Amino acid sequence: MSYETAGTAVAPGSHGSAPDGAPAPGPVDGPLIAALDIGGTKIAGGLVDTRGTLHHRLQVPTPADGDRNELMTAVDRVLDDLARHPDWHRVQSLGIGSAGPVDTARGTVSPVNIPGWREFPLLDQVAEHPAAGRLPLALGGDALAMTAAEHWRGAARPYRNVLCLVVSTGVGAGLVLDNALHTGTTGNAGHLGHITIDYNGRRCPCGSRGCVETLASGTAIARTAAELGWTPGPGQDADAGAVARAARTGDPLALAAFDHAARALAAGIAATATLVELDAAVIGGGVAQAGPILFDPLTRHLADYATLSFTRHLTLHPAHLGTDAGLIGAAALTRHTWPAGPR
């Protein structure tokens with residue numbers, strides 16, 4: 001197993017941003033894809049060109065405690081603002097990435113962190129917006145959108161078979177198989193965070209026990225560190241970021257908490273690689289910002305779990321696209337396949 005460092009993460013720009021460290025784009029002179037990225041804290045909108053470059057973005061706070069109508073009003077506000085952009089007439093489709101669970105077959109969303117939406121018919125509601133009704137629409141979960149983004153323009157681009165993970169408050173994931181996004185019937189295929197790897201483990205909010213998410217998420221890392229006896233410094237929150245900072249100073253309890261999480265991730269990645277054969281795994285999300293604190297033990301443990309000959313070549317990569325991944329990925333959901341070059 002090997003861990004390859006990524007290029008510089010792309011920061012969002014007011015006029016546009018480009019992956020792979022490229023300069024911000026110039027004027028738009030071709031078709032565009034509109035994108036929505038809906039999460040528990042913000043609803044973002046953007047315009048993405050057919051090369052995967054983000055040209056414009058805006059966002060509003062998510063009224064996460066609001067009712068279904070208040071939430072949809074916030075989405076409409078973002079669409080209103082996007083439709084006023086001078087390049088809106090170039091938009092040919094609209095992709096939506098949402099916190100999940102989602103059901104792409106029915107066009108509904110039920111985000112865990114947005115209680116006002118349960119089986120909410122998001123696609124139908126967006127289709128009623130005057131500026132969006134004429135457009136082909138696509139919907140996917142936020143982890144699936146990140147997967148689409150990283151395979152289109154990020155760290156997963158060179159690979160035909162790749163697993164992409166978002167390790168944050170939870171653990172989400174998506175799959176690209178034979179160079180195509182593998183969504184499953186409802187858009188939830190590849191949900192690595194809810195593979196059980198410890199049948200006597202912690203109870204998971206999903207109802208199962210010992211899921212990867214209960215061991216490897218940012219929430220789980222903070223919980224494990226506390227159980228081991230770690231305490232944050234004065235004025236610090238007892239969260240995964242504080243645990244990572246302590247681990248960088250060599251704190252043995254913080255390092256042990258990250259090792260515990262990395263082992264769970266390695267087991268889940270290896271199980272997935274055994275099932276579908278993977279070339280690479282790309283890891284993003286807030287926990288991945290820990291860098292070597294996470295990736296060094298992850299590489300070590302993956303070598304212990306991915307032992308079959310067809311899994312040992314698997315490489316690990318940090319995600320490239322940072323905060324732009326949600327919008328680029330939402331746009332990518334309107335596509336079907338992405339060319340992958342040789343590696």
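The shown structure was predicted, so the numbers you read here are calculated from the model rather than taken from an experiment.
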Worksheet entry | Any side-chain heavy-atom pair of Leu333 and Leu181 under 4.5 Å | yes

Item to complete: Determine whether Leu294 and Leu228 fall in the same hydrophobic cluster, where Ile, Leu, Val, Met, Phe, Trp and Tyr are linked whenever their side-chain heavy atoms lie under 4.5 Å apart.
Response: yes

Item to complete: Report the distance from atom CG of Leu135 to atom CD of Gln92, rounding to the nearest 0.5 Å.
Response: 9.5 Å

Fill in: Closest non-hydrogen atom pair, Leu255 against Ala247
CD2-O, 3.6 Å

Discussion item. Please determine whether residues Leu137 and Val78 belong to a single hydrophobic cluster, defined as Ile, Leu, Val, Met, Phe, Trp and Tyr linked transitively by side-chain heavy-atom distances below 4.5 Å.
Written reply: yes

Worksheet item: With Leu122, which of Leu71, Ile38, Thr108, Val102 fulfils side chain to side chain contact (heavy atoms under 4.5 Å, CB included)?
Response: Ile38

Fill in: His151 side-chain N/O to Ala180 backbone N/O, donor-acceptor pair under 3.5 Å
no

Discussion item. If we ignore hydrogens and angles and just use 3.5 Å, is the side chain of Gln59 paired with the main-chain N or O of Ile43 as donor and acceptor?
Written reply: no

Worksheet entry | Arg157 vs Trp152 side-chain heavy atoms within contact, under 4.5 Å | no

Worksheet item: Side chains of Thr53 and His55: is there a donor and an acceptor less than 3.5 Å apart?
Response: no

Fill in: Closest contact, heavy atoms only, Ala290 versus Arg248
CA-NH2, 3.4 Å

Item to complete: Mind listing the closest non-hydrogen atom pair of Ala216 and Ala261 along with its distance?
Response: CB-O, 3.6 Å

Item to complete: Report the C-alpha separation of His194 and Cys204 in whole Å, then their side-chain angles, then the decisive distance to 0.1 Å, and conclude whether the side-chain contact (heavy atoms from CB on, under 4.5 Å) test is met.
Response: CA-CA 8 Å; His194 295 288; Cys204 181; 3.4 Å; yes

Item to complete: List the steps, then state whether side-chain contact (heavy atoms from CB on, under 4.5 Å) holds for Thr334 with Leu94.
Response: CA-CA 7 Å; Thr334 68; Leu94 168 61; over 6 Å; no

Worksheet item: Are any of the side-chain heavy atoms of Val126 and Leu79 separated by less than 4.5 Å?
Response: yes

Worksheet item: Out of Leu82, Val48, Leu47, which one pairs with Val91 under the side chain to side chain contact (heavy atoms under 4.5 Å, CB included) rule?
Response: Leu47

Worksheet item: Do the ring centers of His317 and Phe295 come within less than 6.0 Å of each other?
Response: no

Worksheet item: Just how far is it from atom CG of Asp239 to atom CD1 of Ile221, taken to the nearest 0.5 Å?
Response: 10.5 Å

Worksheet item: Backbone N or O of Val171 within a donor-acceptor pair of the Ser217 side chain at under 3.5 Å?
Response: no

Fill in: Ionic contact status for Asp37 with Arg57, cut-off 4.0 Å
no

Discussion item. Can you confirm whether Leu175 sits close enough to Thr272 that some side-chain heavy atom of one is under 4.5 Å from a side-chain heavy atom of the other?
Written reply: yes

Response to the item:
One should read off an interatomic distance between Leu192 CG and Leu265 CG, to the nearest 0.5 angstrom, of 7.0 Å

Discussion item. Assigning hydrophobic clusters by single linkage (Ile, Leu, Val, Met, Phe, Trp, Tyr; side-chain heavy-atom cutoff under 4.5 Å), is Trp88 placed with Leu32?
Written reply: yes

Worksheet item: Between Glu150 and Leu321, is there a donor-acceptor pair closer than 3.5 Å when you use the side chain of the first and the backbone of the second?
Response: yes

Worksheet item: Can we say Asp251 and Arg245 salt-bridge, meaning some charged N sits less than 4.0 Å from an Asp/Glu carboxylate O?
Response: no

Fill in: Residues that Arg202 engages under side-chain hydrogen bond (donor to acceptor under 3.5 Å, both in side chains), provided they are two or more places apart
Thr224, Glu227

Fill in: Thr196 side-chain N/O to Tyr199 backbone N/O, donor-acceptor pair under 3.5 Å
no

Item to complete: Please assess Val75 against Ile96 for the test side-chain contact (heavy atoms from CB on, under 4.5 Å), listing each intermediate value before the final yes or no.
Response: CA-CA 11 Å; Val75 174; Ile96 307 167; over 6 Å; no

Worksheet entry | Check: Met72 main-chain N/O paired with Arg68 side-chain donor or acceptor under 3.5 Å | no

Discussion item. Can you tell whether the side chains of Arg90 and Asp87 come within less than 4.0 Å, N to carboxylate O?
Written reply: yes

Worksheet item: Can Asp304 and Arg263 be counted as an ion pair, charged N to O under 4.0 angstrom?
Response: no

Worksheet item: Do you know which two heavy atoms are closest between His320 and Ala155, and how far apart they sit?
Response: CD2-CB, 3.5 Å

Practice prompt. Heavy atoms only: give me the nearest Arg118-Pro115 pair and the separation to one decimal.
Written response: NH2-CA, 3.6 Å

Fill in: Interatomic spacing from CG in Leu177 to OH in Tyr159 - rounded to 0.5 Å
15.5 Å

Worksheet item: Where do Arg77 and Asp80 land on the salt bridge (Lys or Arg N to Asp or Glu O under 4.0 Å) test, with the steps shown first?
Response: CA-CA 5 Å; Arg77 177 183 166 193; Asp80 290 342; over 6 Å; no

Fill in: Under 3.5 Å donor-acceptor, Thr186 side chain and Asp103 backbone
no

Worksheet item: So Arg300 and Asp259, salt bridge (Lys or Arg N to Asp or Glu O under 4.0 Å) or not? Walk me through it.
Response: CA-CA 10 Å; Arg300 185 173 65 253; Asp259 185 82; 2.7 Å; yes

Discussion item. Once rounded to the nearest 0.5 Å, what's the spacing between atom CG of Leu58 and atom NZ of Lys42?
Written reply: 11.5 Å

Practice prompt. Rounded to the nearest 0.5 Å, what's the gap from CG on Leu144 to NE2 on His182? Could you check?
Written response: 10.5 Å

Item to complete: May I ask you to test the Thr311-Tyr305 pair for a side-chain heavy-atom distance under 4.5 Å?
Response: no

Fill in: Heavy-atom neighbours of Gln236 CD exceed 12 at 6.0 Å
yes

Practice prompt. Heavy atoms only: give me the nearest Asn200-Arg209 pair and the separation to one decimal.
Written response: C-CD, 3.8 Å

Worksheet item: Are the side chain of Thr104 and the backbone of Leu139 linked by a donor-acceptor contact shorter than 3.5 Å?
Response: no

Side-chain donor-acceptor pairs under 3.5 Å in residues 274-285, sequence neighbours left out?
from: Thr274; atom 1: OG1; to: Ala270; atom 2: O; distance (Å): 2.8
from: Asp279; atom 1: OD2; to: Asn161; atom 2: N; distance (Å): 3.1

Discussion item. side-chain contact (heavy atoms from CB on, under 4.5 Å) for Val243 and Phe258? Distances and angles first, verdict last.
Written reply: CA-CA 8 Å; Val243 179; Phe258 267 89; 3.8 Å; yes

